[in-house]
Participant: 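Have a look at the structure that comes next, please.
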Amino acid sequence: MEIRTRIAPSPTGKLHLGTARTALFNFLFTRKNGGKFIFRIEDTDVERSKKSFETDMFEGLDWLGVNWNEPKNKEVYRQSERLDLYQKYFKELQKSGFVYECFCTPAELAQERKQMQQAGQIPQYSGHCKDLSEDEKTELRKTKKSAWRLDVKKIAQLKNLPQILKFKDLVHGEIKKNINEIGDFVIIKSDGASIFFFAGVVDDAEMKISHVIRGEDHISNTFSQLILFKALDLPVPQFAHIPLILEKDRSKMSKRKGGHSRIFDLRLAGYLPQGLLNFMALLGWSPKDDREFLSLSEIIESFDLKGIKKSASIFDDDKLNYLNGLWIRHLDDEELLNQFLGWVEWLKQHGEDYSRFSEADKEYLLKCIAICKTRMATLRDFLAADYLLVDPKVDPHLLVFRKSSPEATKNGLEKIKLALENYQGDWEVEPIFNLLSEIVEKKHLANGDVFWPMRVALSGKEGSPSPQELAWVLGQSETIKRIDQAISLL
Ligand code: GLU
């Protein structure tokens, strides 16, 4: 049997981290075992579905490199374009007498639910409309729209379903539910739209999906879907429900702007696709040997559904920053710079303009990124190094090391300036460092009156690469100029 998996998001928001992680696991599973990964947009909820969200999902997965095989050429299947198919299967259910019309209003249903809860029962549809006569239905149709419900008891009887429904989940093992706990559920809403889990069953069968790998929040839908598969005599795929992702305080991930629950926000924050992908793979899964820094091909190589944990995974931003930093240092300077410049272009499309970087000389930027990468956790950290491109704003207070005085600082900077003006050796990091050390030694100065103020004079920052690295990038005359400017501030 060919392995076929799918990601089936509803385009009702930007690509969520959880959805992207589900897509990744499906993708990994097919890549590992040889098979096809399918992208299907579940947009039957016309009110809430938006084309822009669909585009965001499409772009997000593409950016991460989570590529799908079907449909071809980076297209997607859309449920909104397959309505005839759902109608065909719906007619079959109608013909078998497995569905009935329901005229109950949301208010009536809410009232019914409340009464059941008060009586200590599990709330489910009472079957109120199940035995309406043809005349009653004709009368009701004049004023009300109807939804269609599945007659669960009838299906159970005619299809010999067991009292205890069960399926073997590839993550959780056997999961059971008493069929009595499943009320007659709606599959076609009163506006005529199919409910996604009905359309999903039809599509999973039509697309010959062998493994449904999705979030744990769908476990209860699985039982309803099992009944549908049986009612339509369709083959039941295997299921693997992956754990939810929670915040550090174990709360649900929030969608607040600037947060980290959406791929778009994480891209905006400057994470590399490689770093994010590495992090996402470890959300709920780990390789047998517990390695953490993994490339996509290494993840594919060791991926196994058995490695998925049953408990919820926690979003740890320290770990994401750590892994992303490792990836930043792993890439060679040129590759890193290209990714950075591509990201700057992308930022521009989203309203942030850093053309100062895109217009800068590439050779110069390569030197800049070489000295900055050891301190970077995200690409955004490199934006903070724009003092390498324009004169920094220097706070005179910051120039003075905490154990020093303005006078001693000024003296230190003057000595450096003089030494640099007379310096004729190679303009490389190590000789510049040696020169600074020599000044400290020969002039009996404190390190804090040489290295600290020079670094601040060149960067204007509390934290930056070392003064010798900054000087190396800026060049001899620019370095002298900036030191001179700093002296005038003291
Ligand atoms: N459309 C559903 C969702 O976005 C997914 C359904 C499924 O994976 O079966 O949650």
Side-chain angles (χ1 to χ4, degrees), residues 3-30 35-58 60-61 66 68 70 76-83 85-86 89 167 169-172 175 185-189 193-229 232 234-245 252-253 255 261-264 284 305 308 312:
I3 291 201
R4 292 172 64 83
T5 64
R6 85 310 193 263
I7 183 70
S10 305
T12 54
K14 283 188 191 283
L15 179 61
H16 193 270
L17 175 74
T19 310
R21 197 258 323 232
T22 303
L24 174 63
F25 282 12
N26 276 283
F27 165 83
L28 293 171
F29 182 68
T30 27
K36 296 274 171 358
F37 173 46
I38 290 143
F39 191 171
R40 173 172 93 218
I41 288 281
E42 302 209 322
D43 56 352
T44 53
D45 186 341
V46 188
E47 301 252 295
R48 294 175 61 220
S49 297
K50 283 210 182 92
K51 205 76 185 171
S52 60
F53 294 143
E54 189 185 304
T55 310
D56 179 78
M57 293 178 164
F58 191 96
L61 289 184
V66 176
W68 54 99
E70 285 182 29
V76 287
Y77 290 118
R78 282 185 197 88
Q79 288 193 329
S80 59
E81 292 164 4
R82 298 163 63 82
L83 300 179
L85 192 68
Y86 312 134
Y89 280 90
F167 69 94
D169 190 274
L170 296 172
V171 174
H172 296 271
I175 308 185
F185 54 92
V186 171
I187 57 163
I188 305 279
K189 289 196 289 188
S194 306
I195 296 285
F196 80 84
F197 54 79
F198 167 55
V201 163
V202 170
D203 282 339
D204 284 344
E206 283 278 331
M207 294 174 184
K208 299 192 168 38
I209 300 300
S210 62
H211 293 75
V212 171
I213 304 170
R214 61 184 175 187
E216 206 173 82
D217 46 335
H218 286 292
I219 288 183
S220 67
N221 289 338
T222 305
F223 290 101
S224 307
Q225 292 189 315
L226 282 177
I227 296 171
L228 274 164
F229 278 112
L232 289 162
L234 295 171
V236 181
Q238 301 211 57
F239 291 95
H241 288 94
I242 57 184
L244 301 179
I245 306 169
K252 250 186 96 179
M253 289 198 91
K255 289 186 184 161
S261 66
R262 306 180 310 178
I263 296 302
F264 179 84
L305 290 179
I308 296 181

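Numbers for residues simply follow the sequence, beginning at 1. Computed from a predicted structure; not experimentally measured. Just so you know, ligand 1 is whichever comes first in the structure, and atom 1 is the first atom listed for that ligand.
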Participant: May I have the list of side-chain donor-acceptor pairs in residues 207-216 shorter than 3.5 Å, sequence neighbours left out?
Facilitator:
unit_1: S210; atom_1: OG; unit_2: R4; atom_2: N; d: 2.8
unit_1: S210; atom_1: OG; unit_2: R4; atom_2: O; d: 3.2
unit_1: R214; atom_1: NE; unit_2: H241; atom_2: NE2; d: 3.2
unit_1: R214; atom_1: NH1; unit_2: Q225; atom_2: OE1; d: 3.0
unit_1: R214; atom_1: NH2; unit_2: T222; atom_2: OG1; d: 2.8
unit_1: R214; atom_1: NH2; unit_2: Q225; atom_2: OE1; d: 2.8
unit_1: E216; atom_1: OE2; unit_2: H172; atom_2: NE2; d: 3.4

Participant: Step by step, would you call W68 with I7 a side-chain contact (heavy atoms from CB on, under 4.5 Å)?
Facilitator: CA-CA 9 Å; W68 54 99; I7 183 70; over 6 Å; no

Participant: Output yes when K50 and D56 qualify as a salt bridge under the 4.0 Å nitrogen-oxygen rule, no when they do not.
Facilitator: no

Participant: Answer yes if the ring centres of F167 and F223 are under 6.0 angstrom apart, and no otherwise.
Facilitator: yes

Participant: Backbone N or O of D43 within a donor-acceptor pair of the S80 side chain at under 3.5 Å?
Facilitator: no

Participant: Ligand 1: which residues have a non-hydrogen atom closer than 4.0 Å?
Facilitator: R6, A8, P9, S10, E42, F196, R214, H218

Participant: Any Lys/Arg nitrogen of R78 or E54 sitting under 4.0 Å from an Asp/Glu carboxylate oxygen of the other?
Facilitator: yes

